[in-house]
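One structure below.
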Amino acid sequence: MATPFGSMSIGELQAGLAAKEFSAAEVARGTFERIEAADGVVHSFLETTEALALDAAARIDGAIAEGRLAEMGPLAGVPVGYKDNLNLTDTHTTCASNMLRDYVSPYTATCVERTLRAGALPIGKLNMDEFAFGGSTETSAFGPTRNPWDTERVPGGSSGGSAAAVAAGLVPVSLGSDTGGSIRQPGSFCGLVAVKPTYGVVSRYGVVAFGSSLDQVGPFARSVEDAALVLNAIAGRDALDCTSQPSDVDFTANLAEGVRGMKIGVVPAFLEAAGLAPEVRAKTQEAALALEKMGAELVEVELPHAQAAMSAYYVLGPCEAFSNLARFDSVRYGYCDPGHKDLGSQYEASRARGFGPEARRRIMLGSYLLSAGVYDTYYYPAQQVRTLITRDFAVAYESVDCILAPVAPRTAFKLGEIGDPTEMYLGDMFTISINIAGNGGMSVPVGLGADTGLPVGVQLIAPPFKDANMLRAAAALETVYGPAPVAPDYADGKVGA
C-alpha cells in the first residue's frame with residue numbers, strides 16, 4: 001500500500017523527510033497517485049500541477065542532502081492545494097466558471113507565493129462555487145464536489161474542494177477563501193480545522209475578488225497546529241495589498257497553554273436561533289462545558305445587531321460582487337461569445353452565457369442596489385448596520401477573550417436538497433457577522449452529530465488581530481476531541497465507498 005502522505009501531519013511529513021524515510025519527490029508522486037485513485041467521486045481537484053510540485057520537491061531534496069531542511073521553511077515538503085480563485089502562474093484560475101474556463105494566470109497570489117517560499121509542494125487547484133457564490137460547491141461550472149464523509153452530501157461552500165481534499169486525505173492542508181463563512185462552514189461539514197483570520201492578516205493580492213471588504217484567505221487542516229503553521233507562512237504585510245497588516249505573531253506559540261484563566265463568551269440568542277438543529281446545539285453546549293472544565297470562565301454576551309447581519313451582507317456582498325465582476329466583459333477577461341456585429345450584443349451574450357445562474361443573480365442584485373434612488377435606501381443603511389455589528393463585537397470583547405458559537409445551523413445536507421437560494425443563504429447565519437466586523441473566526445471539529453452521524457464544528461471568534469486567542473481555545477478543545485480524522489471511507493488508503 002502506498003504511503004498515505006496526504007493523511008500525515010506537517011510534523012510527521014517533515015520528520016520522515018529529515019530521517020530520509022522518504023524523499024520530497026516521493027511525497028509529490030505519492031500525492032498525485034492518491035489523487036488519481038481517490039478523487040474520482042469526490043471531485044475536489046480541477047487541475048493538478050505535477051511539474052511545479054516536482055520542481056519544488058527537487059529543491060527540498062537538495063536541501064535535505066545538504067542538511068538544510070530546517071532552512072527551507074515551515075511548510076518544507078508539505079503538499080498544499082489551492083482554491084481555484086487563487087492565482088498561480090501558468091495554471092488555470094477559473095473560479096469554477098465558464099467565464100474563466102481558459103484563463104491562465106500570468107502571476108501568483110501573495111498567499112500562494114508565501115507557501116511556496118515556505119517550501120510547500122503545489123499540488124493543484126481546487127473546486128469551488130462559481131466565483132465563491134454559494135454554500136455547497138454545487139454552483140461550480142465543472143460539477144459539484146462531494147463530501148468524503150458521505151458522497152451523497154455536499155462538502156459545504158464556497159471552498160468545498162479545499163475542504164474535501166483534506167477530509168479525504170488527498171493533501172494535509174489547503175487554502176480557501178471566506179467572504180461570509182466559506183472556510184468555516186465547509187470546515188464544519190467535513191470535520192476539519194478551518195481558519196478565517198482577521199481581515200488584513202493575509203494579503204488578498206492575486207485572489208479573485210468577491211467582496212473586497214469581506215474576503216480573507218485561510219487554511220484547512222486536520223490539526224490546530226498544522227493550521228497555525230500555515231498561518232505563520234502566509235500572514236503579514238504585503239506592499240501589493242494596502243489592506244494587509246504587519247504580523248509578527250507566531251500562531252503556534254500559545255497552543256499548549258490551555259484555557260485556564262480565559263473568558264469564553266457564549267451568545268444565548270445563537271443557541272436559541274430558529275433553524276438550529278438539536279444535534280448542533282448539543283455539540284456547541286458540550287464544547288462550552290469542556291472549556292469550562294479545563295478552567296475557562298463562560299460569560300454570556302449579547303450581540304444585539306447580529307440578527308441584521310444577514311440582511312446587511314446580502315446588500316454589501318452583491319454590491320461589491322457587481323463591481324468586481326464588471327471586469328469580465330469578454331474583451332479584457334473572460335469568455336467571448338462569437339458572431340456578434342456590435343460590442344453591446346457581444347457583452348450581453350458573453351456575460352449571459354459565461355456566468356452561471358447564481359453569479360447572474362448576484363450581479364443583477366448588486367446593480368439594482370447601487371442604482372440611483374436605491375443606493376440611499378439599502379446600501380448606506382447596510383454600512384450603518386455594519387458599524388453597529390462591529391461595535392457590538394468590540395463591547396463583547398471588553399469582557400471575553402473569544403466567543404464560542406455554532407458554525408452552521410445543521411450538518412451537511414444532500415446534493416440537490418436545497419434549491420431555494422434564500423434557504424441556502426441562511427446556512428451562513430452564524431458566520432456572516434464575523435466577516436462584516438472583520439474579526440477572526442474558525443471552525444474546530446467536535447465529533448459527530450447524534451442524529452446524522454456527520455461531523456459538527458463549533459466556531460471560535462477572536463477580537464481583531466488576536467487570532468491566537470481562538471487558536472489557543474481550539475487547541476484545548478482538540479485535547480478533548482482529538483485532531484480531525486480522515487473520512488472513514490478514505491482512511492488507511494481506501495478510495496471511497
Side-chain angles (χ1 to χ4, degrees), residues 2-35 48-82 86 88-91 107-124 166 169-175 201-203 206 217 219-240 246-256 471 483:
T3 304
F5 296 113
S7 300
M8 293 183 176
S9 69
I10 291 174
E12 290 170 339
L13 278 166
Q14 293 181 337
L17 289 169
K20 299 185 179 179
E21 296 172 5
F22 43 78
S23 67
E26 289 174 321
V27 172
R29 286 193 291 267
T31 299
F32 291 117
E33 289 171 4
R34 174 69 177 158
I35 291 168
T48 53
T49 52
E50 287 88 343
L52 292 176
L54 289 170
D55 284 348
R59 291 191 291 273
I60 299 300
D61 286 335
I64 292 171
E66 297 171 2
R68 297 187 297 105
L69 177 61
E71 300 175 14
M72 298 305 289
L75 302 181
V78 177
V80 180
Y82 305 98
L86 308 180
L88 173 58
T89 303
D90 295 332
T91 70
Y107 71 110
T108 297
T110 297
C111 59
V112 175
E113 179 63 33
R114 286 179 173 171
T115 65
L116 302 180
R117 291 179 188 172
L121 309 182
I123 299 303
V166 178
L170 306 182
V171 289
V173 294
S174 65
L175 293 186
V201 166
V202 179
S203 170
V217 171
F220 291 88
R222 286 193 299 277
S223 73
V224 177
E225 182 180 34
D226 282 2
L229 286 168
V230 177
L231 281 177
N232 281 348
I234 65 176
R237 172 72 177 152
D238 175 20
L240 298 172
S247 176
D248 58 359
V249 177
D250 177 358
F251 292 102
T252 65
N254 68 350
L255 299 184
L471 289 164

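None of these values were measured; they are calculated from a predicted model.
No donor-acceptor pair closer than 3.5 Å links the side chain of Gln14 to the backbone N or O of Gly77. No donor-acceptor pair closer than 3.5 Å links the side chain of Arg114 to the backbone N or O of Ser203. A distance-only check finds a donor-acceptor pair linking the side chain of Thr108 to the backbone of Thr89 [under 3.5 Å]. With Arg222 contributing its side chain and Ser9 its backbone, the two residues share no donor-acceptor pair below 3.5 Å.
Nearest heavy atom pair, residue Val173 against residue Ala221, reads CG1-CB, 3.8 Å. Pairing each heavy atom of Ile10 with each of Pro74, the nearest pair is CG2-O, 3.8 Å. Residues Cys111 and Ile234 come closest through the heavy atom pair O-CG2, 3.6 Å. Residues Ser174 and Val166 share a closest heavy-atom pair of OG-CG2, 3.5 Å. Of all the heavy atoms in Ala235 and Val202, the pair that sits closest is CA-CG2, 4.4 Å. Listed here is the closest heavy atom pair of Pro79 and Thr31: CG-OG1, 3.5 Å.
Judged purely by distance below 3.5 Å, without hydrogens or angles, the side chains of Tyr82 and Thr115 pair a donor atom with an acceptor atom.
Separating the CG atom in Leu86 from the CD atom in Glu113 is a distance of 13.0 Å, to the nearest 0.5 Å. Considering CE of Met72 and CD1 of Ile64, their distance stands at 9.0 Å, rounded to 0.5 Å. Here Phe251 contributes atom CZ and Leu229 contributes atom CG; the two are 11.5 Å apart, rounded to the nearest 0.5 Å. If you take CZ on Arg34 and CG on Leu170, they are separated by 6.0 Å, rounding to the nearest 0.5 Å. In this structure, Asp238 CG and Ser247 OG are separated by 13.0 Å, a value rounded to the nearest 0.5 Å. One finds the CD atom of Glu26 at 9.5 Å from the CG atom of Leu17 (value rounded to the nearest 0.5 Å).
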Less than 3.5 Å apart, which donor and acceptor atoms pair up between the side chains of residues 49-62 and the rest of the protein, not counting sequence neighbours?
from: Thr49; atom 1: OG1; to: Pro122; atom 2: O; distance (Å): 2.7
from: Thr49; atom 1: OG1; to: Ile123; atom 2: O; distance (Å): 3.2
from: Thr49; atom 1: OG1; to: Gly124; atom 2: N; distance (Å): 3.4
from: Glu50; atom 1: OE1; to: Thr48; atom 2: OG1; distance (Å): 3.3
from: Glu50; atom 1: OE2; to: Thr48; atom 2: OG1; distance (Å): 3.0
from: Asp61; atom 1: OD1; to: Ala24; atom 2: N; distance (Å): 2.7
from: Asp61; atom 1: OD2; to: Ala25; atom 2: N; distance (Å): 3.1

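Contact check for Pro172 versus Val78: side-chain heavy atoms found under the 4.5 Å cut-off. For the pair Val230 and Leu175, the minimum side-chain heavy-atom distance is below 4.5 Å.
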*Could you walk me through whether Leu116 and Leu88 pass the side-chain contact (heavy atoms from CB on, under 4.5 Å) test, one step at a time?*
CA-CA 10 Å; Leu116 302 180; Leu88 173 58; 4.1 Å; yes
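Listed by first then second residue, pairs satisfying ring-ring contact (aromatic ring centres under 6.0 Å, His included) with a partner in residues 7-28 read Phe5-Phe22, not counting sequence neighbours.
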